[in-house]
**Student:** 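After the structure tokens below, expect a handful of questions from me.
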There are 2 protein chains.
Amino acid sequence: MIIIGEKINTSLPGIKEIIESRDTPALLELATCQAAAGAGFIDVNVGTGVGSSLDEIFSMEWAVQVIQGQVDTPLCIDSADPAVLEAGLKARNGKPSLINSTKAEEKNLKQVVSLASDYQSPLVGLAMDETGIPATVEERVRACEKIASACDKHGVPLENVYFDPLVLPVSTDVKQGLVTLNTLGVIKEKFPAAKTAMGLSNVSYGLPGRSMLNTAFLHMAIYAGLDAAIMDPLDKRLVSAITVAEALTGKDRYCRRYTKSLRGKH
Amino acid sequence: MIIIGEKINTSLPGIKEIIESRDTPALLELATCQAAAGAGFIDVNVGTGVGSSLDEIFSMEWAVQVIQGQVDTPLCIDSADPAVLEAGLKARNGKPSLINSTKAEEKNLKQVVSLASDYQSPLVGLAMDETGIPATVEERVRACEKIASACDKHGVPLENVYFDPLVLPVSTDVKQGLVTLNTLGVIKEKFPAAKTAMGLSNVSYGLPGRSMLNTAFLHMAIYAGLDAAIMDPLDKRLVSAITVAEALTGKDRYCRRYTKSLRGKH
């Protein structure tokens, strides 16, 4: 399981201020702690929702340069704006990145998949189109098929695609947990070469005991075929859930990582 | 999710003594506490491995009569010996029971399925045959097919069959968690009318932190299609795992049981 560290995201409390004030030590602390906790990628999302596209471009260049000056962990360049994605990729100077993300909307798809091709970078493909997040497995898989077909056209191999089945709160529609998990399963069947990635915490939005729900959903998602989780790598409960789920699903030879993770605890 | 309370089983510490000494208050306490905790069935396994078949028959009759004198919860009559199963079913006097169990071995199958037919009782069918527990999904499903065909022949509807995919420790073969979960999935696909049941704790045998592994395995199994768990209904961690998993898999309308279960805790 690959952990995509989610802590550098301006939608989280305090992060917007770090980006706007160019607070280098605070940004580096967020990157180094996630790297030390085992993140496979560190997500960098610097959009503030105000100012021009240029503001976000400058913020992305700054953040990427600051982080890669100290941290070797690959970065996940995260923006809804293809120009910001490109600025981040350029600033990486050929170092490994993950593009986050495209959806199955023609213009967006063409621009982002071209970047993935030009920079030979893997990308996250969201199971949604211009009309939003579909309610059913079939429609989400159809969005993934459009993304797969655009990738094929631009010479981006499926090995470089992380499909995100997307997750909506079960508090507003109790079927949504199953829709996400079943979408994961169908993606792994239809595109065995592709990978899957998703954030978990949306599933429990609006309910009490969220950590318990997120942990259980991670267990199920790993069984259903999740390859990468967008999460806080410092969340010990979620990290332990990964170790446990991998021991149970044949991904931990002789259960060695699992038993090692418990050393000193029992 | 149906909980089959597992606490009255002579393979557990102290239970053999209760059965042999005909300790009525102790037996009743084990039954009433499981009923109060929400067990859908109370398993009754009184085999001691010594003495004749008659000893086990007398013990079963005694246990069934004592329990049903005080507790209305259906009983799960549990023995490897069809004569003991029949004694238990007779003692039930037509009250609801679950026969536990048959395997796909010709003689055993014929005797136990005949009982299910005569007593119009549901039964547990183990995904194994005379050679033991198969290592692969395909062989376990084949054992279930043999059981399904015997049931069909004796007029036992699939609605009355609980297939047990069986679980072996991941500590000895890391693939066994997946074999069990995938067997569950295939059973639900092939026999949509049938139910599934299994004990969980074998999966974690030989490893530290067993409760954590069992909980995660229960999350996965509920997603894979488990209908009934053979477990301790007083184990709060496992009971909570059921509530959480049902909220995530669309089995808890408006997540009401989940939020109710947390009342006063958050």
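When reading the values below, keep in mind they use all heavy atoms of this one structure, side chains included, and skip hydrogens, waters and symmetry mates. Lettering of chains follows the sequences in order, A, B, ..., and the numbering in each one begins at 1.
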**Student:** Side chain to side chain contact (heavy atoms under 4.5 Å, CB included), that's the test. Do B/Met220 and A/Thr249 meet it? Break it down for me.
**Tutor:** CA-CA 10 Å; B/Met220 295 175 182; A/Thr249 54; 3.9 Å; yes
**Student:** When only pairs under 4.5 Å are counted, which of B/Ala216, B/Gly177, B/Gly185, B/Ala245 shares the most heavy-atom pairs with chain A?
**Tutor:**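 Winner by heavy-atom pair count: B/Ala216.
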**Student:** Kindly indicate, with the supporting measurements, whether the criterion side chain to side chain contact (heavy atoms under 4.5 Å, CB included) is fulfilled by A/Leu218 and B/His219.
**Tutor:** CA-CA 9 Å; A/Leu218 184 51; B/His219 290 147; over 6 Å; no
**Student:** Please look at A/Asn182 and chain B and tell me whether the side chain, the backbone, both or neither of the residue comes under 4.5 angstrom of a heavy atom of that chain.
**Tutor:**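 Its backbone and side chain both get close to chain B.
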**Student:** How long is the gap from OG on B/Ser171 to OH on A/Tyr258, to the nearest 0.5 Å?
**Tutor:**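 Reported value, rounded in 0.5 Å steps: 11.0 Å.
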**Student:** Which heavy atom in A/Lys175 sits nearest to a heavy atom in B/Gly250, and how many Å separate them?
**Tutor:**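 Where A/Lys175 meets B/Gly250 most closely, the heavy atoms are NZ-O, 3.6 Å.
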**Student:** With a 4.5 Å heavy-atom cut-off, do B/Lys251 and A/Val174 have their side chains touching?
**Tutor:**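 Side-chain contact under 4.5 Å: no.
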**Student:** On the 0 to 90° scale, with breaks at 30° and 60°, tag the B/Tyr223-A/Tyr223 ring pair as parallel, tilted or perpendicular.
**Tutor:**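 Rings of B/Tyr223 and A/Tyr223: perpendicular, as their planes differ by over 60°.
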**Student:** Below 4.5 Å, heavy-atom pairs only: which of A/Leu213, A/Asp173, A/Leu178, A/Val170 has the largest tally toward chain B?
**Tutor:**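 Top option by heavy-atom pairs under 4.5 Å: A/Leu213.
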**Student:** So, do A/Phe217 and B/Val244 sit near enough that their side-chain heavy atoms are less than 4.5 Å apart?
**Tutor:**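 SC-SC contact between A/Phe217 and B/Val244 ruled out.
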**Student:** Give, as side chain, backbone, both or neither, the part of A/Leu248 having an atom under 4.5 angstrom from any heavy atom of chain B.
**Tutor:**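 The answer is both parts of A/Leu248.
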